[in-house]
Amino acid sequence: MNTELFDQLAEYARMAYGYEGEITRDTLLSDMGTKSMEMIALTSTIENELDAEVTIHEIMTMKTFGELVDRVAEEVEE
Amino acid sequence: MGLMETVLERAKANQQRVAFPEGQDETIMKAAAEAVQAGIATAVLVGDEAELRSLAEGRGINADIFEYSDTTSDEGSDDLVSRYSALPVCQLKEKGIRRRLSRPLERSMILQAIGDVDITFAGKIATTGEVIAAGQALVGLAEGIDVISSMGIFNIPGFEGPEGSLLGFGDSAVCANPSADQLASIAISCCETVKALCGWEPRCALLSYSTCGSSAGELVEKVTEARDIANSRRPDLAIDGEFQLDAAINPGIAERKVGRESAVAGRANIIIWPDLNVGNVGVKLVQQFAHADAYGPMLQGFAKVVCDCSRGAGVSEILGNVAMSCVRAQALKEA
């Protein structure tokens, strides 16, 4: 697993959702937040900082934080 | 004069600029052309200008009646980037904005956010989810609103309410299981939409299976909580509940069931379903048993007017939707 990418994304998720709990690969995105404006904040930060475009629709279909990390990793590696 | 005739007249009296990001679709282009020719709106086709002009010619439409915003040209994009990035709604860096300027739907919304157009009209090609996601991200939500929702207007033969046979309702299409906050947002948005579109003084009833505590439980609590949130956010609006449908719209039943003062009970002109199950079933009941027509659903809750038409909509339905959007945009500017 790309630890650096994981940590970066965890930081972005904390900022976007205002989530203060521990974040693991198995953390449910729905536990971090469900508001669409929070998801927009997260996707915008990912795009701005990593130049990786992940849509809100994609995030809405993901269950865990690990799935998000894998999806962004695909974009970053392209 | 009926609702649609009034709306068409009002739209013509103060033309708005409508961005059409799906001009490649023949029905959309024909509706946009009719909107221009009837004096309802100025149409800005957003996309590959050369392709759109060629399609117009092939369809027998004068391509010069439209304005264009060309996704294939960089001309003017520095200005668009600079103006959009200066807005509080913008969360993207320059590269992200430029990426979106090359896509018709998102370019339309950027043009709308900066005020170059008043309305984005899509939905023939893009899904509702895509329109809502792009609208939230690029145009943003209206102040005091947590969620995008929809509203419609019934025309119910034989119904004699405060607005004759018309009755507003929301949300039957978008927000599946709203929280109390979101239900409050839906009620507030419906009040704003109906005020803008019909000029009614909104009286908005939050519906439940209970009237003023006649039953209890979490479903009822969500509705009363939504009422309190709505009243605290917008004390200027008449939003009340929880009411059963009959107590909301029938003055005699309201008098018996609602044991307190209410500006809404018995004379509501907008009803808010507690969730999408009720909303969908409710609309079907009124349509099937009361043979009602329903206008809409219209998306609401954005900072500006974003319209998502039905994929199966024909030219006249789209034209009506465009006119309704224009009237709503006029009201937004006047607010």
Side-chain angles (χ1 to χ4, degrees), chain A residues 2 4-5 7-21 23 27-65 67-78, chain B residues 81 84-85 87-103 105-106 109-110 113 126-149 171 174-186 189 299-303 306:
Chain A
N2 184 334
E4 191 186 344
L5 179 62
D7 290 344
Q8 274 178 310
L9 289 172
E11 187 193 333
Y12 302 157
R14 282 198 182 91
M15 283 192 304
Y17 291 114
Y19 183 74
E20 292 175 351
I23 298 178
T27 300
L28 296 175
L29 291 170
S30 57
D31 285 346
M32 296 187 353
T34 54
K35 290 184 179 168
S36 52
M37 296 311 283
E38 293 170 344
M39 293 181 203
I40 289 166
L42 177 61
T43 55
S44 300
T45 308
I46 292 170
E47 185 171 345
N48 288 336
E49 301 304 324
L50 303 174
D51 197 21
E53 193 178 5
V54 181
T55 66
I56 295 162
H57 180 71
E58 284 179 279
I59 291 197
M60 287 169 84
T61 60
M62 293 172 188
K63 283 191 176 170
T64 65
F65 185 73
E67 288 175 54
L68 174 65
V69 176
D70 294 342
R71 173 70 186 91
V72 175
E74 278 173 25
E75 284 279 313
V76 173
E77 284 157 13
E78 270 177 10
Chain B
V81 169
Y84 184 67
S85 59
L87 298 178
V89 72
C90 177
Q91 299 192 46
L92 294 164
K93 289 185 177 173
E94 180 176 340
K95 189 171 181 183
I97 301 173
R98 288 190 187 277
R99 190 178 279 148
R100 281 158 183 77
L101 285 174
S102 68
R103 303 174 188 155
L105 177 64
E106 289 164 296
M109 289 174 175
I110 289 174
T127 64
T128 300
E130 287 166 343
V131 174
I132 290 175
Q136 285 185 112
L138 297 168
V139 175
L141 297 178
E143 203 179 323
I145 297 299
D146 296 319
V147 72
I148 298 304
S149 60
D171 166 11
V174 177
C175 192
N177 188 16
S179 63
D181 280 323
Q182 291 173 329
L183 202 53
S185 289
I186 293 169
S189 293
L299 288 185
Q300 57 183 6
F302 297 108
V306 172

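Order of the sequence lines sets the chain letters (A, B, ...), proteins ahead of strands, with each chain counted from 1.
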Legend entry - Closest contact, heavy atoms only, Gln91(B) versus Ala41(A): OE1-CA, 3.2 Å

Inset, instruction - Could you grab the distance from atom CG of Leu141(B) to atom CE of Met37(A), nearest 0.5 Å is fine? - result: 4.5 Å

Legend entry - Between CD1 on residue Ile132(B) and OG on residue Ser36(A), distance to nearest 0.5 Å: 9.0 Å

Inset, instruction - Compare every heavy atom of Asn48(A) with every heavy atom of Lys93(B), then report the nearest pair and how far apart it is. - result: N-OD1, 2.7 Å

Inset, instruction - Output the distance between atom NE2 (His57(A)) and atom OG1 (Thr127(B)), rounded to the nearest 0.5 Å. - result: 7.0 Å

Legend entry - Heavy-atom neighbours of Met60(A) CE exceed 12 at 6.0 Å: no

Legend entry - Student check: side-chain heavy atoms of Gln136(B) and Ile40(A) closer than 4.5 Å: yes

Legend entry - Distance-minimising heavy-atom pair for Leu92(B) and Glu47(A): CD2-OE1, 3.9 Å

Inset, instruction - Select, from Glu130(B), Arg103(B), Gln182(B), the one with the greatest count of heavy-atom pairs under 4.5 Å involving chain A. - result: Arg103(B)

Inset, instruction - Considering only NZ, NE, NH1 and NH2 on the basic side and carboxylate oxygens on the acidic side, decide whether Lys95(B) and Asp51(A) come within less than 4.0 Å. - result: yes

